[in-house]
Asks: 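Quick one: the structure is below, questions incoming.
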2 protein chains.
Amino acid sequence: MGGSLKNEMTREGSKDAATQSAVETAYRRIRHMILTGEMRSGDKLLENQLATTIGVSRTPIREALNRLNAEGLVVLERYRRGIVADFSLEDAIEIFRLRAILEGHAAGRAATRISDTHLDRLQDLERVMEKQFEELGWNEHLEGFDKLNAEFHAVIASAAESPRLEKILASSLELPASIFNRYSEPVEMRTRRTHAQHREILSALKARNPEWAQAAMNAHLFSLLPTASGSLEHEAGNVG
Amino acid sequence: MGGSLKNEMTREGSKDAATQSAVETAYRRIRHMILTGEMRSGDKLLENQLATTIGVSRTPIREALNRLNAEGLVVLERYRRGIVADFSLEDAIEIFRLRAILEGHAAGRAATRISDTHLDRLQDLERVMEKQFEELGWNEHLEGFDKLNAEFHAVIASAAESPRLEKILASSLELPASIFNRYSEPVEMRTRRTHAQHREILSALKARNPEWAQAAMNAHLFSLLPTASGSLEHEAGNVG
DNA sequence: TTCCCAAAATTGGTATACACTTTTTGACGA
DNA sequence: TCGTCAAAAAGTGTATACCAATTTTGGGAA
């Protein structure tokens, strides 16, 4: 495929920015609220309230909620009001296990398929992440990190040239960031290791070595995988 | 519960008879039409027509179509009419590759988790499939086979005790049966081998051997995986 | 034929109404 | 005080009508 990369580093408005459909708007807004922790597990999702808040009618809200329900971020039961899904430790483990399997596979495929343009993009992303980490410290850089990190993984998934795999990774195996902080080891510890692992994945991709790339990605994700018996002595505290 | 009088023209309910919602009805009907080949790639999906055919209003039809679109069985573009998705050889290959990875993983997990009840169920299913094959021949047994085979795989996915894995297998990696016939080797050839493989998977599960189960499931699915250079000399011809 | 354009058809979305179910409320009695 | 239970309120599920945006169709012109 031609390398029509030119991703947008801007907030979210792609230059195209054709009028978003109402369901897209609603879907993104609600999803964002959940993923960022603005809404928390168990919070109620009332169709009428969301409709007035977001500024569309009930119909697209319902479609958006159905989508989020299919993706596992929202729990819908007939005639009951929707609530933000709750993610237990086991849920987090399951998701990371599946991500490790699928993203590992994706990295392996990407190794023999990724374009130089995409490799450069990955390099840039990692460079920016590390720079922000140095400048802002592990506490302040988080906001930007999540976005850049997501793109880093998305670029690799895209380079695997397996559209269904890409879609599954993008829509069925997500976790709210807050859950990440709840179950994983402290942030600064895992951030340093993450950057080293990203560099290794990048090296494997540059070397066009599928097995290495798959193994490196696997190691990366398994190292993030919270364990029931692992080093989780730190308190959850406020997750906001 | 008060006995609510409803206009139920479908006697789909078994004993429980949980009244299906209109979107469930629409979703199942349309999905069934696509998977069985009653509707074929490129066929138009008109909301009004489907609404009158199925006997519900446009609203649940639209939700059903969106769901099927998310699952990849239907292609929706804004303001364009929906059409039944087209599955190329590469699509089929991709789906079988991903199924092999994920169902292999599922079988491995199932080996140490599956109950004796479920093992018995698998045994029964395979027995019935083989009996029907003997009695009806490879041509006539197909209709029943698809259903039983789907349950065989679904039982294993369920026994893996990984809800997201189960959901992905059930909703994101499906193929219309007709495509199966279009791209795979002739039916009678693969049917015989399939039964042998099912027996091996069953043996591995009974032995509670995860590696064996995973490998056997992998082999099963990879053997079904159509190859661009494989033994596909037979003509596609009419796919009806 | 091919191109172009207006008419018809279709989807996306809003608004409203109502049936059905869950959830809340509040009075009642032990 | 505490539970119980039925009525009231709230919320979802579906139907319907309507309009806007866009595609699709069909016919006429070059």
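The basis for the numbers below is simple: all heavy atoms, side chains too, and nothing from hydrogens, waters or symmetry mates. Chain letters run A, B, ... following the sequence lines, proteins first and then strands; every chain starts at 1.
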Asks: Using a 4.5 Å cut-off on heavy atoms from C-beta on, say whether the side chain of A/H198 contacts that of A/H153.
Replies: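 The answer is yes, as the side chains (C-beta and beyond) meet within the 4.5 Å cut-off.
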Asks: Using a strict 4.0 Å threshold on nitrogen-to-oxygen distance, state whether A/R81 and A/E47 make a salt bridge.
Replies: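 Result for this pair is no, no salt bridge flagged.
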Asks: Are B/E63 and B/R67 close enough for a salt bridge, meaning some N to O gap below 4.0 Å?
Replies: no
Asks: Answer yes when B/E24 and B/R28 have at least one side-chain N-carboxylate O distance shorter than 4.0 Å, and no when they do not.
Replies: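 Counted as a salt bridge, because a side-chain N and a carboxylate O are separated by less than 4.0 Å.
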Asks: Are A/R190 and A/E185 ion-paired here, with the side-chain N under 4.0 Å from a carboxylate O?
Replies: no
Asks: Please tabulate the protein-to-nucleotide N/O contacts below 3.5 Å involving nucleotides 10-15 of chain C, giving atom names and distances.
Replies:
{"unit_1": "C/dT11", "atom_1": "OP1", "unit_2": "B/L45", "atom_2": "O", "d": "3.4"}
{"unit_1": "C/dT11", "atom_1": "OP1", "unit_2": "B/E47", "atom_2": "N", "d": "3.1"}
{"unit_1": "C/dG12", "atom_1": "OP2", "unit_2": "B/E47", "atom_2": "OE2", "d": "3.4"}
{"unit_1": "C/dG12", "atom_1": "O3'", "unit_2": "B/R78", "atom_2": "NH2", "d": "3.4"}
{"unit_1": "C/dG12", "atom_1": "N7", "unit_2": "B/R58", "atom_2": "NH2", "d": "3.2"}
{"unit_1": "C/dG13", "atom_1": "OP1", "unit_2": "A/A22", "atom_2": "N", "d": "2.5"}
{"unit_1": "C/dG13", "atom_1": "N7", "unit_2": "B/R62", "atom_2": "NH1", "d": "3.2"}
{"unit_1": "C/dT14", "atom_1": "OP2", "unit_2": "A/S57", "atom_2": "N", "d": "3.1"}
{"unit_1": "C/dT14", "atom_1": "OP2", "unit_2": "A/S57", "atom_2": "OG", "d": "2.6"}
{"unit_1": "C/dT14", "atom_1": "O5'", "unit_2": "A/S57", "atom_2": "OG", "d": "3.4"}

Asks: When the distance from CD1 of B/I54 to P of D/dA15 is rounded to whole Å, what number comes out?
Replies: 11 Å
